[in-house]
Amino acid sequence: MSKKFAYITDVHLDEEFPKSKGVDARKNWEKVLEDISKRGITQIVIGGDIGARDSLSWFFKSLEPYDWFISLGNHDSFSSIFPYWKEQQVVAVDTSFYSIETDFFKYIFLDSSKEIVDQEQLDWFQKESIISKKIVLFVHHPILPVSTLTDKKFFLEGREKIRSILHQIPNDVFIFSGHYHMQDNRLDKNINQYITPAVSYQVEKDPDEVKINNDSFGYRIIELEKDQLFAEVILF
């Protein structure tokens, strides 16, 4: 029997920048949840960058019908989001990184809210990666580089160390990220990286300029069939 869940990232609720670009992030979020509900999906992974602090209560209330998990982004604060966790799976004092193991996969959630994966988290990640199962890594910032100005300016510090650890795993690795507000899929040896479009606004793939557009928004559906993984982007 297959299992489906939604990966949703970069909602940016009630933030001034999306508003200045004509983005109604709340409306977009409600549209995404409506689509998820129609598809019968009950599990959601939030990829980070939820939005303004005073929007969090409204946001997490909208998630009450769902089973959800989160990997924090650079617009998120651990202290402001921590009270909303149903089951806190926190290894460090002010950071959220944790793992979940199933029959065929191991899900690892990293915290890149500080725009760096520090040594404590890196050491934990290396230990968690010693496993024969396929790994699904959820981290807000992409690990593999993308040929865009966004990647040159806003990349995750220390990502090469994570990449090196992943290359040592004798099995497939699937990375699900956001942050760049675009769709991108790429393969590097055993690493399959999927960057998911934002719920708010998109950024065009341009090596020299950060070009914003609000023509579309979306999320990704991840489907697991035994030890196989399939990913599909849904755009509005």
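Closest of all the heavy-atom pairs between Ile191 and Arg163 is CD1-O, 4.1 Å. Minimum interatomic distance between Tyr7 and Val139 (heavy atoms only, all atoms of both residues): OH-O, 4.3 Å. Taking all atoms of both residues into account, the shortest heavy-atom contact from Ser62 to Pro65 is O-CD, 3.4 Å. The shortest heavy-atom contact between Ser216 and Gln202 is O-NE2, 3.2 Å. The two residues Asn28 and Ser200 come nearest to each other via the heavy atoms ND2-O, 3.4 Å. Between Gly51 and Glu15 the shortest heavy-atom distance is CA-OE2, 3.4 Å.
Put simply, the side chain of Leu229 reaches to within 4.5 Å of the side chain of Ile222, judged on heavy atoms. At a threshold of 4.5 Å between non-hydrogen side-chain atoms, the residues Ile108 and Trp124 count as touching. Side chains of Phe60 and Ile50 form a contact here, defined as non-hydrogen atoms less than 4.5 Å apart. Inter-residue side-chain proximity for Phe109 and Ile70 is flagged as unmet; no heavy-atom pair is nearer than 4.5 Å. Put simply, the side chain of Ile36 reaches to within 4.5 Å of the side chain of Tyr66, judged on heavy atoms. Taking 4.5 Å as the limit, every side-chain heavy atom of Ile131 sits out of range of all side-chain heavy atoms of Asn171. Considering only heavy atoms from C-beta on, Val117 stays 4.5 Å or farther from Phe97 through its side chain.
Remark: Ser147 OG to Asp208 CG distance equals 8.5 Å, nearest 0.5 Å. Atoms CG and CG, from Leu13 and Asp49 in turn, are 11.0 Å apart once rounded to the nearest 0.5 Å. Note: Glu128 CD to Ile130 CD1 = 9.5 Å, rounded to the nearest 0.5 Å. If you take CG on Asn190 and CD1 on Ile169, they are separated by 6.5 Å, rounding to the nearest 0.5 Å. The structure places OG of Ser129 at 9.0 Å from CD of Gln168, a figure rounded to the nearest 0.5 Å. In this structure, the separation between CD1 on Ile162 and CG on Leu122 is 6.5 Å, given to the nearest 0.5 Å.
Contacts of Phe125 classified as ring pair (Phe, Tyr, Trp, His ring centres under 6.0 Å), with partners at least two apart in sequence or in another chain: none. When the ring pair (Phe, Tyr, Trp, His ring centres under 6.0 Å) test is applied to His179, the partners found at least two apart in sequence or on another chain are His140, His141. Partners of Lys38 according to the salt bridge (Lys or Arg N to Asp or Glu O under 4.0 Å) rule, which considers only residues two or more places apart in sequence or in another chain, are Glu34. The ring pair (Phe, Tyr, Trp, His ring centres under 6.0 Å) test applied to Phe105 returns no partner, not counting sequence neighbours. Residues satisfying the ring pair (Phe, Tyr, Trp, His ring centres under 6.0 Å) test with Phe236, not counting sequence neighbours, are Phe217.
The list of salt bridge (Lys or Arg N to Asp or Glu O under 4.0 Å) pairs with a residue in residues 210-221, not counting sequence neighbours, reads Asp206-Lys211. Residue pairs meeting the salt bridge (Lys or Arg N to Asp or Glu O under 4.0 Å) criterion with at least one partner in residues 130-144, sequence neighbours excluded, are Glu101-Lys133, Lys134-Asp172. For residues 227-236, there are no side chain to side chain donor-acceptor pair (under 3.5 Å) pairs, not counting sequence neighbours. Among residue pairs with one or both ends in residues 21-30, those qualifying as salt bridge (Lys or Arg N to Asp or Glu O under 4.0 Å) are Asp14-Arg26; sequence neighbours excluded. Pairs passing the salt bridge (Lys or Arg N to Asp or Glu O under 4.0 Å) check and including a residue from residues 174-184, sequence neighbours excluded, read Asp184-Arg186, Asp184-Lys205.
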Intermediate values then yes/no, side chain to side chain contact (heavy atoms under 4.5 Å, CB included), Leu33 and Ile44: CA-CA 10 Å; Leu33 284 184; Ile44 297 175; 3.9 Å; yes
Side chain to side chain contact (heavy atoms under 4.5 Å, CB included) between Leu63 and Tyr84, worked out: CA-CA 10 Å; Leu63 285 175; Tyr84 298 97; over 6 Å; no
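Lys189 NZ: 12 or fewer foreign heavy atoms inside a 6.0 Å radius. Atom CD of Glu157 has 12 or fewer heavy atoms from other residues, nucleotides or ligands within 6.0 Å.
The hydrophobic cluster containing Met182, built from Ile/Leu/Val/Met/Phe/Trp/Tyr side-chain heavy atoms closer than 4.5 Å, also comprises Phe17, Val23, Val146, Leu149, Phe155, Tyr180, Ile195, Tyr201, Val203, Val210, Ile212. Other members of the cluster containing Leu235 are Val233, with ILVMFWY side chains joined at under 4.5 Å, either directly or via other members.
Classified by interplanar angle (parallel below 30°, tilted 30° to 60°, perpendicular above 60°), the ring pair His12/His75 is perpendicular.
Evaluated for a side-chain contact (heavy atoms from CB on, under 4.5 Å) with Ile175, the options Asp188, Ile143, Asn192 yield exactly one hit, Ile143.
Using a 4.0 Å cut-off between charged nitrogen and carboxylate oxygen, Asp35 and Lys31 do not count as a salt-bridge pair.
By the rule that hydrophobic residues join a cluster once side-chain heavy atoms approach within less than 4.5 Å of another member, Ile221 and Phe230 end up as members of separate clusters. No continuous path of hydrophobic side-chain contacts links Phe176 to Phe154 [ILVMFWY only; heavy atoms under 4.5 Å].
A side-chain donor-acceptor contact under 3.5 Å links Asp67 and Gln43.
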